[in-house]
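Below: the structure, in structure tokens.
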Number of protein chains: 2
Amino acid sequence: MPTTSCDRQHDVYDASCPCRQVLDLLANKWSALALGALEDGPRRFGALRDRLDGVSPKVLTATLRKLEDQGLIDRTVFPSVPLHVEYSLTPLGADACAPLAALRQWVVANIDRFPDQAAVARAS
Amino acid sequence: MPTTSCDRQHDVYDASCPCRQVLDLLANKWSALALGALEDGPRRFGALRDRLDGVSPKVLTATLRKLEDQGLIDRTVFPSVPLHVEYSLTPLGADACAPLAALRQWVVANIDRFPDQAAVARAS
DNA sequence: CACCGTAGTACCTTTCGGAAACTAATAAGC
DNA sequence: GCTTATTAGTTTCCGAAAGGTACTACGGTG
């Protein structure tokens, strides 16, 4: 467990600053996609699994748990039958969506400027 | 190797879209920090290692190679003595800095709204 | 020739991540 | 009453990737 005690002002470049942990959480493919998937309203586990094409249930669970622990999303259980669990953004999570959406949109808008991904993979 | 052939329009939510690989590269702690560290001019390997507090040389090398492969940074070797290697942003990399800087800055600006990191770690 | 600085690599351990199977709770159908 | 279906995961297994520490390569300097 790393120490998380940065005095002075906050700085993501300081390994011991809590900012670093938060950046590590948000600067992550699945976190960025999951938060984006919740932007227009709560969604259930299965809906998120479908939307986040390619994610395994194990990783999705882990991602959602981390986001919940950090106060970015809420997890609400409806004890109906069958069981029903809804994930939704907290105010903090909703605010975090802005920079993440910007990143996702930048990627889509600029994808044609990147080299062919198959060629990059071969070169390794 | 995943297939990287998404026809139709581009979408980061599609696992087979090249967007997904690019998002995976950019939505990464070390990539976000490394590109930010190059924002105000070229830097050498050692300078980056110092700036990216906590990064090991191996991980830094891997991160820089991936960014280079994707055309986000340039690697210039100066055959001076001792050897001198300079990393700098390409135009594409410079453009990518904007959303990444926004994300880093959002984290710093909102860090006080997050739960205490030590408490989160204990709860696991 | 030992030593320095720079930019990495080699080796090894640990963790992550993916696929598939399995669980729990309950209800509907036969 | 037994089987099947649904939802939301968990468990297990295993290969891939991340990560840390120590070492190497290179050429000059003292």
Side-chain angles (χ1 to χ4, degrees), chain A residues 1-3 15-16 20-21 23-34 37-38 42-69 73-88 120-124, chain B residues 1-4 14-16 20-21 23-34 37-38 42-70 73-88 121 124:
Chain A
M1 183 172 64
T3 55
S16 66
R20 180 63 79 79
Q21 267 95 329
L23 179 68
D24 200 15
L25 173 68
L26 292 181
N28 168 281
K29 180 178 51 173
W30 296 128
S31 293
L33 292 173
L38 296 172
R43 279 184 187 244
R44 295 166 58 175
F45 185 87
L48 289 171
R49 191 184 43 206
D50 294 344
R51 179 89 177 106
L52 274 63
D53 187 27
V55 74
S56 68
K58 174 183 166 178
V59 171
L60 181 56
T61 301
T63 301
L64 294 171
R65 286 278 186 284
K66 277 187 267 182
L67 292 173
E68 189 192 358
D69 290 346
I73 63 176
D74 279 328
R75 178 176 181 272
T76 310
V77 179
F78 296 86
S80 59
V81 169
L83 184 65
H84 175 134
V85 178
E86 219 171 63
Y87 293 91
S88 57
V120 170
R122 271 197 304 279
S124 69
Chain B
M1 181 173 65
T3 55
T4 60
D14 179 352
S16 65
R20 180 62 78 78
Q21 267 94 327
L23 179 68
D24 200 16
L25 173 68
L26 292 180
N28 168 281
K29 179 178 54 176
W30 295 129
S31 292
L33 292 172
L38 295 173
R43 279 184 188 245
R44 295 165 56 175
F45 185 87
L48 289 171
R49 191 185 42 206
D50 294 344
R51 180 89 177 106
L52 274 62
D53 187 27
V55 75
S56 70
K58 176 183 170 175
V59 172
L60 181 56
T61 300
T63 300
L64 293 172
R65 286 281 186 281
K66 277 187 267 183
L67 292 173
E68 190 192 357
D69 290 346
Q70 295 288 346
I73 62 175
D74 279 327
R75 179 175 179 272
T76 311
V77 179
F78 295 85
S80 59
V81 170
L83 183 65
H84 175 134
V85 177
E86 219 171 64
Y87 293 92
S88 57
S124 70

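So that the names make sense, note that chain A is the first sequence line, chain B the second, and so on, each numbered from 1. Every heavy atom of this structure was used, including side-chain atoms; hydrogens, water molecules and symmetry mates were not.
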Inter-axis angle, terminal five-pair segments of the helix from C:dC1-D:dG30 to C:dC30-D:dG1 [nearest 10°]: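 Both end axes considered, the difference amounts to 30°.
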Of all the heavy-atom pairs spanning A:Leu83 and A:Phe78, show the shortest one and how long it is.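 Result for this residue pair: CD1-O, 3.8 Å.
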If you look at every heavy atom in B:Asp69 and A:Val120, which pair is closest and at what distance?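 What the structure gives for the nearest pair is O-CG2, 3.8 Å.
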Can any side-chain N or O of A:Thr63 pair as donor or acceptor with the backbone N or O of A:Ser31 at less than 3.5 Å? no
Could you state the interatomic distance from [atom1] ([X]) to [atom2] ([Y]), rounded to the nearest 0.5 Å?
| X | Y | atom1 | atom2 | answer |
| --- | --- | --- | --- | --- |
| B:Asp14 | B:Arg20 | CG | CZ | 7.5 Å |
| B:Leu67 | B:Asp74 | CG | CG | 11.5 Å |
| B:Leu38 | B:Ile73 | CG | CD1 | 6.5 Å |

Side chain to side chain donor-acceptor pair (under 3.5 Å) against A:Arg65, all qualifying residues, sequence neighbours excluded: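 Result, side chain to side chain donor-acceptor pair (under 3.5 Å) vs A:Arg65: none returned.
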Side-chain polar contacts of residues 42-59 of chain A - donor-acceptor pairs under 3.5 angstrom, sequence neighbours left out - could you list them?
{"residue": "A:Arg43", "atom": "NE", "partner": "A:Ala37", "partner atom": "O", "Å": "2.9"}
{"residue": "A:Arg44", "atom": "NH1", "partner": "A:His84", "partner atom": "ND1", "Å": "3.4"}
{"residue": "A:Asp53", "atom": "OD2", "partner": "B:Ala15", "partner atom": "N", "Å": "2.8"}
{"residue": "A:Ser56", "atom": "OG", "partner": "A:Val59", "partner atom": "N", "Å": "3.4"}

Could you tell me whether B:Phe78 contacts a base, only the sugar-phosphate backbone, or nothing, with contacts defined as non-hydrogen atoms closer than 4.0 Å? nothing
Just to be sure I understand the rule, does A:Arg49 reach a base, reach only the sugar-phosphate, or reach nothing, if contact means heavy atoms closer than 4.0 Å? nothing
Between OH of A:Tyr87 and P of D:dT7 the distance, given in whole Å, is 15 Å
Check the distance between D:dA8's P and A:Leu60's CG and give it to me in whole angstrom. 11 Å
One character per nucleotide, please: for nucleotides 17-29 of chain D, 5' to 3', B when the base has a protein heavy atom closer than 4.0 Å, S when only the sugar-phosphate does, - otherwise. -SBBB-----SS-
Report yes if the side chains of A:Arg75 and A:Val85 come closer than 4.5 Å at any heavy-atom pair, otherwise no. yes
Looking only at side-chain N and O atoms, does A:Arg65 come under 4.0 Å of OP1 or OP2 in D:dT10? yes
Going 5' to 3' along DNA chain C, between which two nucleotides do contacts with chain A fall, using a heavy-atom cut-off of 4.0 Å?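 Contact boundaries, 5' end first: C:dG17 to C:dA27.
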Can you list the residues that meet the side chain to side chain contact (heavy atoms under 4.5 Å, CB included) rule with B:Asp24, with sequence neighbours excluded?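 Once residues adjacent in sequence are excluded, the partners of B:Asp24 under the side chain to side chain contact (heavy atoms under 4.5 Å, CB included) criterion are A:Lys29.
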